[in-house]
Amino acid sequence: MPTTTRAAVMWGADQQWDVVELDLDDPRDGEVLVRFEAAGLCHSDDHIRTGDMPVRYPMVGGHEAAGVVEAVGPGVRRVRPGDRVVCSYIPVCGTCRYCSTGRQNLCDAGRNAVSGMLPDDTFRFHSRDGLDVGGMCVLGAFAQRAVVSEFSCIPLDDDISFELAALVSCGVPTGWGSSVYAAGVRAGQTVVIYGCGGVGINAVQGAAYAGAKNVVVVDPVQYKLDTAQEFGATHTFSDPQEARRFIKNATRGQYADHAIVTVGVNDDTVVSHAIAITGKGGRVTITAAGRVSEQQVRTYDGLLVAYQRQVQGALFGACNPLHDIPRLLGLYRSGDLKLDELISHRYTLDEINDGYRDLLDGKNIRGILVHEH
């Protein structure tokens, strides 16, 4: 088995991704060696670079990926060597309190997401000078190979490319599920989505699939607004105040049933707009992450009580990975879900900093890292 791998590592906040050679341990009990073929460039990994997300450094980035199982450790039952897999950034044990009650997105096996340790609280990546290196969300998909828990692996059929499979390991279910499951959008409702990147565009798809009458997108980037219309948005705005005026008129003063926050970096201004645009009984679903040093939800409680509004967080779109990842691929096969159109650009491992620069410049809906072997 390989004992080294090239990987993009973040050594500390406010740095750039550093592509280096790392030592890689063999898989232990319940673990799998995966050769990653494709990984999505998600904004969550940029929160590692900026320090917005509190993680343990150093960290191999990447949590949206697909690849091939090259070897398994003792006791592995979910996959075998040679299997193609999607790697969920939420490990699913199947037996904890949350898995057994239909909330796999809250599985206890995901407790090490920000440290990058395997479920036994140890590391498989190591720097050449002996430092333990974590893997983002217990994956580290910006490495050519990684040892991951079998709980992170979901078998992948041969008819789906690795690039498309990578998309359904994070961005697609997180966005789609934020509308369909977490928010619970129903036919005929009005939905406003703040931020239309790799997650928000799929919240648009989810809202449209659920039958929303008005799917309204607010984003400052015109390219994203134009793309949103191709994925089911009925109206788009760069100005949140203009969006609120439209919603007031379109609903005859009832305002929106749902506001879904999927911006790249959340802040209290966005959340305030989201609360203000919902009407009586409205629900605000926050999927975006903000800076750990700031408070994003700050409001007068009367705005919630008097209108009986709800503000909630959503992880992985409240999806169940073992069920919903195959389900979403089924919707793709039937033509009910767009995946090919999500990919804006492809990058090699050595181009990873270029990929994130494009993301921050608003040039990507989703960039894909294609590993070379």
Side-chain angles (χ1 to χ4, degrees), residues 102-103 105 171-219 224-225 227-263 266 270-288 297 299 303-320 324 327-328 331 334-338:
R103 294 173 289 173
N105 63 315
V172 175
T174 298
W176 191 90
S178 290
S179 289
V180 176
Y181 292 145
V185 175
R186 295 182 179 180
Q189 290 188 325
T190 293
V191 182
V192 182
I193 297 163
Y194 292 87
C196 199
V199 173
I201 196 71
N202 291 295
V204 171
Q205 291 206 81
Y209 183 80
K213 177 181 179 181
N214 298 309
V215 181
V216 179
V217 172
V218 181
D219 195 291
K224 294 182 179 180
L225 296 180
T227 304
Q229 294 179 16
E230 300 172 10
F231 282 78
T234 58
H235 305 84
T236 60
F237 299 92
S238 59
D239 179 3
Q241 297 294 351
E242 186 179 352
R244 189 172 188 274
R245 289 191 291 271
F246 166 79
I247 291 294
K248 179 181 179 180
N249 291 331
T251 63
R252 299 187 177 185
Q254 297 299 300
Y255 290 96
D257 300 287
H258 298 280
I260 302 174
V261 179
T262 54
V263 294
N266 195 18
V270 177
V271 175
S272 296
H273 285 312
I275 292 173
I277 211 165
T278 56
K280 293 180 180 179
R283 179 177 294 175
V284 177
T285 299
I286 301 175
T287 301
V297 183
T299 187
L303 294 176
L304 306 181
V305 175
Y307 274 36
Q308 198 167 302
R309 292 179 172 110
Q310 299 177 36
V311 180
Q312 65 169 352
L315 178 65
F316 203 71
C319 287
N320 288 308
D324 286 305
R327 180 189 185 191
L328 289 167
L331 291 175
S334 65
D336 295 307
L337 184 72
K338 295 180 184 291

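Heavy-atom basis, side chains included; hydrogens, waters and symmetry copies ignored. Quick caveat, the model's predicted, so the values are computed rather than measured.
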- Who are the side chain to side chain donor-acceptor pair (under 3.5 Å) partners of Asn320, not counting sequence neighbours? none
- List for me each residue that meets side chain to side chain donor-acceptor pair (under 3.5 Å) alongside Gln229, sequence neighbours excluded, and say none if there are none. Thr236
Short side-chain to backbone donor-acceptor contact, [X] and [Y], under 3.5 Å:
X      : Y      : value
Thr278 : Gly282 : no
Gln189 : Arg186 : yes
Asn202 : Gly198 : yes
Thr174 : Gly171 : no

Could you tell me which non-hydrogen atom of [X] sits nearest to which non-hydrogen atom of [Y], and how far apart they are?
X      : Y      : result
Ala228 : Val217 : CB-CG2, 4.0 Å
Ala318 : Tyr181 : O-CD1, 3.8 Å
Gln205 : Lys338 : OE1-N, 2.8 Å
Ala288 : Asn266 : CB-CB, 3.9 Å

Rounded to the nearest 0.5 Å, how far apart are [atom1] of [X] and [atom2] of [Y]?
X      : Y      : atom1 : atom2 : result
Leu315 : Asn105 : CG    : CG    : 5.0 Å
Leu337 : Tyr209 : CG    : OH    : 9.0 Å
Ile277 : Ile247 : CD1   : CD1   : 5.0 Å

- For the residue pair His273 and Tyr194, categorise the inter-ring angle as parallel (less than 30°), tilted (30 to 60°) or perpendicular (more than 60°). parallel
- Message: As a test of understanding, state which of Ile260, Leu304, Val311, Val192 forms a side-chain contact (heavy atoms from CB on, under 4.5 Å) with Val284.
- Response: Val311
- Item | With sequence neighbours excluded, residues passing salt bridge (charged side-chain N to carboxylate O under 4.0 Å, His left out) with Arg327 | Asp324
- Query: Between Thr287 and Ser178, is any side-chain donor less than 3.5 angstrom from a side-chain acceptor?
  - Reply: yes
- Scan for side chain to side chain donor-acceptor pair (under 3.5 Å) pairs involving residues 238-250, sequence neighbours excluded, and state none if there are none. none
- Note on the structure: Hits for side-chain contact (heavy atoms from CB on, under 4.5 Å) against Glu230, two or more places apart or cross-chain, chain-then-number order -> none
- Item | Phe246 atom CZ: more than 12 heavy-atom contacts under 6.0 Å | yes
- Note on the structure: With sequence neighbours left out, the residues meeting ring-ring contact (aromatic ring centres under 6.0 Å, His included) with Phe316 are Tyr89
